[in-house]
Engineer: 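The structure's right below; bear with me while I get my questions together.
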Number of protein chains: 2
Amino acid sequence: MAEIRNADTRERILDAAERLFMAYGYDGTSMRQITGEAGVNLAAVNYHFGSKEALIQEVFRRRLDWLNEERMRVLDRHEAEAGGQPVKPSLIVDAFFGTLLRMAEDEARGGMTFLRLLGRTLTEPSEFIRAFLAHEYKTVMDRFKEALFRALPEVPKAEIVWRFHFMLGATSYAIAGTDALRLVTDWQIEEEDSVDRLDRLVPRLMSFLLGGLRAPLPQFAAPVTVDRG
Amino acid sequence: MAEIRNADTRERILDAAERLFMAYGYDGTSMRQITGEAGVNLAAVNYHFGSKEALIQEVFRRRLDWLNEERMRVLDRHEAEAGGQPVKPSLIVDAFFGTLLRMAEDEARGGMTFLRLLGRTLTEPSEFIRAFLAHEYKTVMDRFKEALFRALPEVPKAEIVWRFHFMLGATSYAIAGTDALRLVTDWQIEEEDSVDRLDRLVPRLMSFLLGGLRAPLPQFAAPVTVDRG
DNA sequence: TTATGATTCAAACGAACGTATGAATCACCT
DNA sequence: AGGTGATTCATACGTTCGTTTGAATCATAA
């Protein structure tokens with residue numbers, strides 16, 4: 001046969017799982033679907049990864065390790081260029097969300113498939129997945145929160161955390177794909193604006209995120225006494 | 001004895017299903033969990049609703065019918081007050097997202113539980129759920145898109161649709177609850193800023209959404225930049 | 001070649017799933 | 001009181017799930 005047998009069973013499984021988890025979710029994808037699409041034996045997943053849970057963790061680790069390191073590298077670069085001064089919020093947002101979105105153009109690193117999987121999974125019900133992701137993200141999250149705290153010293157930290165959260169949500173939806181967008185529109189957005197046009201989505205989303213991040217601070221209704229700095 | 005037997009088996013099932021679907025997702029919740037928590041027989045769901053699919057549709061319909069009608073009523077009111085003039089974007093956003101968030105304070109209408117379920121489900125993998133929601137939402141969506149088109153005549157329609165999409169994402173995350181937020185922060189946000197404090201979340205989210213909606217339009221990169229960084 | 005460890009394979013396991021059944025029990029009417 | 005239709009109940013059906021097993025097959029080196 002043209003293809004080597006043993007060659008990359010693991011990779012074939014990971015690719016199939018990535019695509020299927022993206023399309024049908026974790027619970028909605030069966031081992032038989034995965035191994036069927038990968039063209040390997042049903043038992044191969046348990047042999048190579050141990051369990052379905054360990055499989056999806058590996059699906060994420062394979063991509064997230066690089067992504068989060070790249071985010072750090074970009075932020076490092078911006079901080080070096082700022083030379084002690086706080087990095088501009090737009091650059092921090094770009095280092096975090098822009099790096100993520102640019103990953104979509106890199107098919108060798110999962111491209112849109114992984115991005116949509118990630119977007120979908122952040123709201124996935126399964127507890128252990130969220131716990132795993134929270135652990136994987138901890139370091140990079142702390143780093144970016146700190147950068148934003150320094151970049152926006154006049155904004156309360158709780159406010160920044162919330163807005164980071166909102167930005168994550170908007171981004172997840174944006175990349176989770178056409179399906180969710182169909183809830184907003186059924187007039188197919190003209191071809192030049194289709195979801196596949198990432199070069200248009202990125203600046204669109206960036207404008208929105210920065211607009212939200214820099215919005216005027218909310219006025220709380222209740223006249224609370226200022227008990228904290 | 002104290003409680004009437006037949007009284008409201010349907011309601012008990014709907015309440016239990018709403019809570020469990022919110023906590024564990026559609027696929028992750030079994031009929032046995034639902035009927036167990038509701039204190040009814042396993043067969044009761046199929047007897048009263050026909051199937052699990054029909055059950056979750058009824059879970060949503062019970063709340064969405066009122067919600068979307070209320071959204072329309074609020075928008076009607078603002079349009080009447082505007083007397084022919086376009087309604088201000090902030091009022092449109094409030095009619096759509098503010099009405100949703102205020103629903104969280106109304107325990108009789110599902111409160112936070114339903115809100116978190118809704119936020120979670122908009123990214124749920126199951127195809128039929130998204131299709132059902134898209135259908136339920138169609139009328140109100142068209143109405144609000146039109147209102148935004150008129151309120152922001154200088155903004156391209158495609159841009160508005162995208163930003164509506166981003167707003168939906170940010171809102172879903174915001175209400176999908178603490179779990180996702182823990183991905184951003186593990187320092188428990190001080191008590192006064194906790195997720196339960198909806199009176200703080202609402203203005204926070206509104207500021208963010210409006211900031212994003214009114215952000216400067218994105219500059220798309222020129223089509224022929226050769227440099228590949 | 002033969003020995004060895006890694007991998008693949010077909011087959012089966014027990015558990016959990018959504019659903020269906022038919023008898024028992026209920027509320028309600030005459 | 002007795003009849004009737006609606007509802008509840010225990011139980012079982014057929015599927016599909018993730019996982020396991022032990023033998024077959026592979027790659028590699030002595």
Side-chain angles (χ1 to χ4, degrees), chain A residues 1-60 117 121 124-129 131-132, chain B residues 1-60 117 121 124-129 131-132:
Chain A
M1 301 297 255
E3 58 175 347
I4 305 164
R5 182 83 159 307
N6 173 21
D8 43 6
T9 300
R10 277 180 59 101
E11 293 298 316
R12 309 255 308 278
I13 291 174
L14 288 172
D15 289 343
E18 186 171 72
R19 202 194 69 78
L20 288 166
F21 286 149
M22 178 274 287
Y24 306 112
Y26 177 75
D27 288 328
T29 302
S30 72
M31 300 286 250
R32 285 163 180 83
Q33 279 178 274
I34 296 168
T35 52
E37 174 148 330
V40 302
N41 188 268
L42 169 61
V45 170
N46 287 281
Y47 176 78
H48 284 283
F49 300 94
S51 69
K52 190 183 179 186
E53 287 201 6
L55 169 62
I56 194 174
Q57 293 188 216
E58 191 55 37
V59 166
F60 278 107
L117 170 63
T121 306
E124 187 100 1
S126 297
E127 181 56 39
F128 84 92
I129 299 181
F132 166 75
Chain B
M1 294 303 233
E3 59 174 346
I4 305 164
R5 182 87 158 305
N6 174 21
D8 42 5
T9 299
R10 277 180 59 100
E11 294 297 315
R12 310 256 306 278
I13 291 173
L14 288 172
D15 288 343
E18 185 172 72
R19 202 193 68 78
L20 289 166
F21 286 148
M22 177 274 287
Y24 307 111
Y26 177 75
D27 287 328
T29 302
S30 72
M31 301 286 250
R32 286 163 179 83
Q33 279 179 275
I34 296 169
T35 52
E37 174 148 329
V40 303
N41 188 269
L42 170 60
V45 170
N46 287 282
Y47 176 78
H48 285 281
F49 299 94
S51 67
K52 190 184 179 185
E53 287 201 6
L55 169 61
I56 195 174
Q57 291 188 215
E58 190 55 36
V59 166
F60 278 107
L117 170 63
T121 306
E124 188 99 3
S126 296
E127 182 56 38
F128 85 92
I129 299 181
F132 166 74

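In what follows, chains carry the letters A, B, and so on, assigned in the order in which the sequence lines appear, proteins first and then strands, with residues in each chain numbered from 1.
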Engineer: Work out which heavy atom in A:N46 is nearest to a heavy atom in A:S51; give both atom names and the distance.
Structural biologist: OD1-CA, 3.8 Å
Engineer: Please report, rounded to the nearest Å, how far the P atom of C:dT19 is from the CG atom of B:L55.
Structural biologist: 10 Å
Engineer: Within less than 4.0 Å of OP1 or OP2 of C:dT8, is there a side-chain N or O belonging to A:T9?
Structural biologist: yes
Engineer: Measure CD1/A:I13 against P/D:dT19 and give the value in whole Å, please.
Structural biologist: 13 Å
Engineer: For A:N41 and D:dA24, give me the distance from atom CG to atom P, rounded to whole Å.
Structural biologist: 15 Å
Engineer: State, to 0.1 Å, how close B:T29 and B:L20 come at their nearest heavy-atom pair, and which atoms those are.
Structural biologist: OG1-O, 3.1 Å
Engineer: Closer than 4.0 Å, any side-chain N/O of B:H48 to the OP1 or OP2 of D:dT8?
Structural biologist: yes
Engineer: Minimum heavy-atom separation for A:I13 to A:A44, with atom names?
Structural biologist: CD1-CB, 3.9 Å
Engineer: Which whole-number value in Å describes the distance from A:M31 CE to C:dT8 P?
Structural biologist: 15 Å
Engineer: Are OP1 or OP2 of C:dC17 and a side-chain N or O of B:S30 less than 4.0 angstrom apart?
Structural biologist: yes
Engineer: What's the shortest heavy-atom distance between A:A16 and A:E37, and which atoms?
Structural biologist: CB-CG, 3.9 Å
Engineer: Round to a whole Å and report the spacing from CZ of A:R32 to C1' of C:dC17.
Structural biologist: 14 Å
Engineer: Provide, to the nearest angstrom, the distance between the CZ atom belonging to B:F128 and the P atom belonging to C:dG18.
Structural biologist: 11 Å
Engineer: How many whole angstroms separate atom CG of B:L42 from atom P of D:dT7?
Structural biologist: 18 Å
Engineer: Once you apply a heavy-atom cut-off of 4.0 Å, does B:T29 come out as touching a base, just sugar-phosphate, or nothing?
Structural biologist: sugar-phosphate
Engineer: Counting only side-chain nitrogens and oxygens, does B:N46 get under 4.0 Å of the OP1 or OP2 atom of C:dG18?
Structural biologist: no
Engineer: Would you mind reading off the distance between A:Y47 atom OH and D:dG18 atom C1', rounded to a whole angstrom?
Structural biologist: 19 Å
Engineer: Between A:Q33 and A:A43, just flag the one whose closest nucleotide in DNA chain D comes earlier from the 5' side.
Structural biologist: A:Q33
Engineer: Would you please classify the geometry between the B:Y26 ring and the B:F128 ring as parallel, tilted or perpendicular, with 30° and 60° separating the classes?
Structural biologist: perpendicular
